[in-house]
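Have a look at the structure below, then the notes.
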Amino acid sequence: MKIGIIGTGAVGCACALAAATRGSARQIVLVNRTRKTAEAVAADIRYGTPLCPKVEIADGDYDSLDGAALVMITAGINEKTGGATNRDDPQGRLRLLDKNAATYQDIVPRIARAAPAAVLLVVTDPPDPLADVAREAAAQMHVISTGTFLDSLRFRVHLGIHFGVDPAHVEAQVIGDHGTKQVFLWSSARLGGVPIAALTKKGGETLKDLRQKLENEVRYANITIIEGHDASQYGIGMVSARIAEMVLRDERAVIPIGSWQEEFGVTLSLPSVVGSSGVIKVLQPELSQEEREGLQKSAQSLWAALEHVKEHA
């Protein structure tokens with residue numbers, strides 16, 4: 001019941017705090033380029049652990065990852081530092097790929113040597129193409145990305161707010177890439193089994209207007225957060241901790257999460273069964289024609305970004 005977290009910037013700290021307070025693992029090891037930073041973060045959280053489920057948190061080096069069931073990678077430049085905060089930029093998070101790919105090519109082999117049996121969870125933006133970079137750097141490891149799990153939760157939250165209900169009871173998913181080409185599955189979105197399209201019609205509004213408003217709110221939620229707080233960190237921290245629980249407990253939970261999709265030739269998110277080896281099975285949702293085309297465009301965008309990295313390696 002041990003996890004490792006690589007990187008103790010804003011997102012890494014959020015992942016560590018969420019994992020500790022939720023009791024996601026019995027042991028948490030923090031690894032950072034500057035060890036003193038990891039040591040300080042571990043100490044800060046450790047002082048609050050008497051209030052948490054039993055957990056030990058410590059700083060370490062890559063060798064300290066030995067025996068970890070899952071390792072999260074949060075290292076790399078973030079959206080604000082990397083200039084990925086322009087709503088009009090079609091690249092979005094993909095603008096960070098070149099620099100963060102170089103970081104991954106350096107650290108993933110170190111993780112693989114220390115914890116070859118661990119599931120590798122890619123958290124750094126853009127997580128989907130970076131998962132492919134990680135997979136090439138450590139072919140023997142099970143690699144997954146946080147993908148569109150957070151986007152799906154954001155989608156549910158905004159639908160819940162709109163209809164005045166608890167988002168925990170909203171059924172809605174986002175698939176494809178964690179970026180500007182993500183695909184909202186409106187055709188299967190439901191509240192209490194009732195299609196969202198039927199609810200909007202009954203309420204005297206158009207689905208088109210609702211789609212435009214909510215998709216913009218979800219797609220650019222990270223930018224809205226960064227504009228007020230410099231970093232989008234807490235939601236992804238909670239999501240990463242929850243994924244760790246699914247793996248460590250072999251839960252067989254079903255969520256939209258990123259894994260290698262042979263059909264598309266890239267890592268992207270589809271509803272998947274998550275357990276001890278990462279993604280155990282991928283489910284194929286029923287899609288409208290528009291959604292199928294959107295998924296293809298999402299995959300093409302990811303493929304083009306990866307080709308650019310390979311050309312400039």
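The first residue in the sequence is number 1, and the count goes up from there.
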* Asked: Looking just at side-chain N and O atoms, do Thr103 and Asp106 make a donor-acceptor pair shorter than 3.5 Å?
  ->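 No.
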* Asked: Is a side-chain donor-acceptor pair under 3.5 Å present for His158 with Glu215?
  ->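 Absent: no donor and acceptor within the cut-off.
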Does [Y] offer a backbone N or O that forms a donor-acceptor pair with the side chain of [X] under 3.5 Å?
X	Y	answer
Thr37	Arg35	no
Ser240	Ile236	yes
Thr124	Ile73	yes
Lys2	Asp66	yes
Thr148	Val174	yes
Asn216	Gln212	yes
Asp59	Val29	no
Ser145	Gly147	yes
Ser269	Asp177	no
Thr74	Val123	no

Please say yes or no: joined through hydrophobic side-chain contacts below 4.5 Å, possibly via intermediate residues, are [X] and [Y] part of one cluster?
X	Y	value
Val31	Ile107	yes
Val157	Val218	no
Val247	Leu120	yes
Val108	Val119	yes
Leu159	Val239	no

Does atom [atom1] of [X] have more than 12 heavy-atom neighbours from other groups under 6.0 Å away?
X	atom1	value
Glu290	CD	no
His142	NE2	no
Gln289	CD	yes
Arg33	CZ	no
Met141	CE	yes
Tyr234	OH	no

Beyond-backbone contact of [X] with [Y], side-chain heavy atoms, under 4.5 angstrom:
X	Y	value
Ile28	Glu56	no
Val274	Phe149	no
Leu248	Leu70	yes
Leu295	Leu270	yes
Ile3	Met72	yes
Ile257	Ser259	no
Arg211	Trp186	yes
Ile45	Val55	no

Nearest 0.5 Å please: distance from the [atom1] atom of [X] over to the [atom2] atom of [Y].
X	Y	atom1	atom2	value
Thr85	Tyr220	OG1	OH	12.5 Å
Ile77	Leu96	CD1	CG	5.0 Å
Met1	Ser24	CE	OG	8.5 Å
His178	Leu130	NE2	CG	11.0 Å
Lys80	Ile223	NZ	CD1	12.5 Å
Glu171	Ser152	CD	OG	13.0 Å

* Asked: Could you walk me through whether Glu227 and Arg87 pass the salt bridge (Lys or Arg N to Asp or Glu O under 4.0 Å) check?
  -> CA-CA 12 Å; Glu227 288 170 343; Arg87 290 176 176 82; 2.7 Å; yes
Taking only Lys NZ, Arg NE, NH1 and NH2, and the carboxylate oxygens of Asp or Glu, determine whether [X] and [Y] approach each other closer than 4.0 Å.
X	Y	answer
Arg252	Asp250	yes
Arg46	Glu39	no
Lys297	Glu293	no
Arg292	Glu263	no

* Run through Arg156, Arg219, Gln173, Gln182 and flag the one making a side-chain hydrogen bond (donor to acceptor under 3.5 Å, both in side chains) with Asp151. =>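 Only one of Arg156, Arg219, Gln173, Gln182 forms a side-chain hydrogen bond (donor to acceptor under 3.5 Å, both in side chains) with Asp151, namely Gln182.
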* **Set of salt bridge (Lys or Arg N to Asp or Glu O under 4.0 Å) partners for Asp63, sequence neighbours left out** =>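 Testing Asp63 for salt bridge (Lys or Arg N to Asp or Glu O under 4.0 Å), a comparison that skips the adjacent residues, returns none.
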* Asked: What residues form a salt bridge (Lys or Arg N to Asp or Glu O under 4.0 Å) with Asp132, not counting sequence neighbours?
  ->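 In terms of salt bridge (Lys or Arg N to Asp or Glu O under 4.0 Å), with neighbours along the sequence ignored, Asp132 is linked to Arg135.
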* Derivation of the side-chain hydrogen bond (donor to acceptor under 3.5 Å, both in side chains) call for Thr8 and Asn32 -> CA-CA 6 Å; Thr8 51; Asn32 193 67; 3.1 Å; yes
* May I have the step-by-step check of side chain to side chain contact (heavy atoms under 4.5 Å, CB included) for Ile175 and Leu287, ending in yes or no? => CA-CA 11 Å; Ile175 62 171; Leu287 305 177; 4.1 Å; yes
* Verify side chain to side chain contact (heavy atoms under 4.5 Å, CB included) between Trp260 and Leu268, making sure each step is shown before the conclusion. => CA-CA 7 Å; Trp260 171 257; Leu268 53 74; over 6 Å; no
* **Chi angles and distances behind the side-chain hydrogen bond (donor to acceptor under 3.5 Å, both in side chains) call for Glu291, Ser187** => CA-CA 8 Å; Glu291 291 163 353; Ser187 67; 2.8 Å; yes
* List the steps and the verdict of side-chain hydrogen bond (donor to acceptor under 3.5 Å, both in side chains) for Asn78 and Thr81. => CA-CA 5 Å; Asn78 62 21; Thr81 303; 2.9 Å; yes
* Determine, stepwise, if the pair Ser64 / Asp61 fulfils side-chain hydrogen bond (donor to acceptor under 3.5 Å, both in side chains). => CA-CA 5 Å; Ser64 305; Asp61 53 24; 3.1 Å; yes
* Residues Glu245, Arg242; criterion side chain to side chain contact (heavy atoms under 4.5 Å, CB included); working and verdict -> CA-CA 5 Å; Glu245 294 161 17; Arg242 183 68 188 98; 3.3 Å; yes
* To do: Give the C-alpha distance, both sets of side-chain angles, the deciding distance and a yes or no for side chain to side chain contact (heavy atoms under 4.5 Å, CB included) between Ile243 and Ile255.
  => CA-CA 9 Å; Ile243 293 171; Ile255 60 170; 4.2 Å; yes
